[in-house]
Amino acid sequence: MSTNENTIAFFQTPLGIATIIGDENGISTISIADEGAISENIPVVLQDAVRQLQEYFEEKRINFDFKMNPKGTEFQQKVWQALLEIPFGKTCSYMDLSKKLGDVKAIRAVASANGKNPLWIAVPCHRVIGTDGSLTGYAGGLWRKKWLLEHENATNQQSLF
């Protein structure tokens with residue numbers, strides 16, 4: 001019998017304390033904070049995702065295959081799906097993402113959906129940059145975005161300014 005109750009765990013990463021929330025339907029939230037308590041035991045339903053994230057930080061993984069279940073609008077889900085198609089170590093601009101989704105005028109909506117991504121790192125919103133190559137916006141702070149891109153050996157982006 002299933003209860004579909006969310007479980008939560010906290011674990012240390014090079015970027016801070018990661019919070020992971022999910023249930024048997026998949027992981028719904030991954031975020032990182034500067035501080036917090038670390039879970040002594042990781043709930044079974046979260047163990048695969050925690051292991052894969054740890055492997056990512058240990059440079060032993062470039063893709064995630066744990067079950068994801070982010071909550072969002074149909075448009076947000078579409079944007080988040082497109083983010084999953086950005087290859088490891090690569091970046092694209094918000095404009096590129098808008099074009100891929102079929103509407104260059106939707107750039108602000110795409111940027112907004114990108115910013116509401118509840119599955120940091122696993123759904124790689126950090127791989128989206130400004131058209132001029134600048135690191136723009138990241139809910140976890142630009143220093144974390146820079147760290148993630150360098151971790152993935154992304155081509156160094158140069159600002160035009």
Side-chain angles (χ1 to χ4, degrees), residues 1-92 94 97-98 100-102 106-129 135-149 151-152 154:
M1 176 175 263
S2 69
T3 59
N4 287 355
E5 288 187 26
N6 275 330
T7 55
I8 189 168
F10 306 93
F11 63 98
Q12 184 67 53
T13 76
L15 297 175
I17 306 297
T19 301
I20 187 165
I21 302 171
D23 61 24
E24 64 191 25
N25 294 316
I27 304 303
S28 58
T29 304
I30 299 170
S31 62
I32 299 180
D34 291 330
E35 51 189 47
I38 296 174
S39 300
E40 290 185 29
N41 297 303
I42 305 296
V44 172
V45 73
L46 304 178
Q47 287 177 359
D48 189 39
V50 169
R51 177 186 54 76
Q52 289 186 37
L53 284 162
Q54 289 171 329
E55 289 171 355
Y56 168 85
F57 285 114
E58 294 167 359
E59 298 181 359
K60 297 176 182 173
R61 173 175 291 275
I62 62 171
N63 293 307
F64 300 97
D65 58 14
F66 59 83
K67 191 172 182 182
M68 298 181 201
N69 190 21
K71 306 294 187 245
T73 67
E74 184 179 331
F75 180 77
Q76 289 169 335
Q77 297 280 348
K78 187 176 170 184
V79 171
W80 301 336
Q81 186 60 45
L83 293 173
L84 289 169
E85 297 170 15
I86 304 170
F88 183 88
K90 303 290 183 188
T91 59
C92 79
Y94 291 99
L97 200 53
S98 297
K100 180 178 172 79
L101 293 167
I107 190 168
R108 293 180 87 132
V110 167
S112 177
N114 191 53
K116 289 180 172 70
N117 169 24
L119 292 172
W120 292 12
I121 301 166
V123 176
C125 55
H126 60 275
R127 295 181 190 154
V128 183
I129 59 173
L135 298 184
T136 59
Y138 189 65
L142 287 180
W143 74 270
R144 284 190 175 103
K145 183 173 189 164
K146 183 176 187 284
W147 189 98
L148 289 165
L149 291 174
H151 175 71
E152 294 182 2

- Task: Apply the test side chain to side chain contact (heavy atoms under 4.5 Å, CB included) to residues Q12 and I17: give CA-CA distance (whole Å), side-chain angles for both, the deciding distance (0.1 Å), then the verdict.
- Result: CA-CA 5 Å; Q12 184 67 53; I17 306 297; 3.0 Å; yes
- Walk me through it: do L149 and H126 pass the test side chain to side chain contact (heavy atoms under 4.5 Å, CB included)? CA-CA 7 Å; L149 291 174; H126 60 275; 4.1 Å; yes
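- Ion pairing between a basic and an acidic side chain is recognised when a charged N comes within 4.0 Å of a carboxylate O; E55 and R51 show such pairing.
- Contact check for P118 versus I30: no side-chain heavy atoms found under the 4.5 Å cut-off.
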- Message: Please evaluate residues Q54 and K60 with respect to the criterion side chain to side chain contact (heavy atoms under 4.5 Å, CB included), reporting the C-alpha separation (whole Å), side-chain torsions for both, the decisive distance (0.1 Å), and the verdict.
- Response: CA-CA 9 Å; Q54 289 171 329; K60 297 176 182 173; over 6 Å; no
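- Here the OG-CG distance, from S28 to L119, works out to 7.0 Å after rounding to the nearest 0.5 Å.
- Looking at heavy atoms from C-beta onward, I121 lies out of side-chain contact with T13 at the 4.5 angstrom threshold.
- Side-chain N or O atoms of S39 include none that pairs as donor or acceptor with a backbone N or O of I42 at under 3.5 Å.
- The shortest non-hydrogen separation linking L46 to I21 is CD2-C, 4.1 Å.
- Without hydrogens or angle criteria, Q77 side chain to P70 main chain gives a donor-acceptor distance under 3.5 Å.
- Between N25 atom CG and N69 atom CG the span is 5.5 Å, to the nearest 0.5 Å.
- Residue E85 places its CD atom among more than 12 non-hydrogen atoms of other residues, nucleotides or ligands, all under 6.0 Å distant.
- The minimum heavy-atom distance linking W147 with P14 is given by the pair CZ2-CB, 3.7 Å.
- The backbone N or O of R108 lies less than 3.5 Å from no partner atom in the side chain of S112, so there is not a single donor-acceptor pair.
- Here the side chain of K145 pairs a donor or acceptor atom with the backbone of V128 at under 3.5 angstrom.
- In this structure, the separation between CD1 on I8 and CG on D23 is 12.5 Å, given to the nearest 0.5 Å.
- When all heavy atoms are compared, the tightest approach of L83 to P124 is O-CG, 3.2 Å.
- Of all non-hydrogen atoms in I129 and L135, the two that sit nearest each other are CG2-CD2, 4.0 Å.
- Judged by distance alone, the side chain of N117 and the main-chain N or O of V123 form a donor-acceptor pair under 3.5 Å.
- The distance from the CG atom of D48 to the CD1 atom of I27 is 8.5 Å, given to the nearest 0.5 Å.
- Residues L53 and F11 have side chains in contact (heavy-atom distance under 4.5 Å, counting atoms from C-beta outward).
- The nearest pair of heavy atoms linking A82 to K100 is CB-CE, 4.3 Å.
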- Would T29 and N6 satisfy side chain to side chain contact (heavy atoms under 4.5 Å, CB included), going step by step from the backbone distance to the final call? CA-CA 10 Å; T29 304; N6 275 330; over 6 Å; no
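- T7 places a side-chain N or O within donor-acceptor distance of the main-chain N or O of G22, the cut-off being under 3.5 Å.
- At distances below 3.5 Å, not a single donor-acceptor pair connects side-chain atoms of W80 with backbone N or O atoms of K116.
- The environment of NZ in K71 is crowded: more than 12 heavy-atom neighbours from other residues, nucleotides or ligands sit within 6.0 Å.
- Ring pair Y56/F64 is tilted by interplanar angle, where 30° to 60° counts as tilted.
- With hydrogens and angles disregarded, a donor-acceptor distance shorter than 3.5 Å links the side chain of Q52 to the backbone of D65.
- Nearest approach of V110 to V79, heavy atoms of both residues: O-CG1, 4.0 Å.
- Atoms CZ and OG1, on F10 and T19 in that order, are 4.5 Å from each other to the nearest 0.5 Å.
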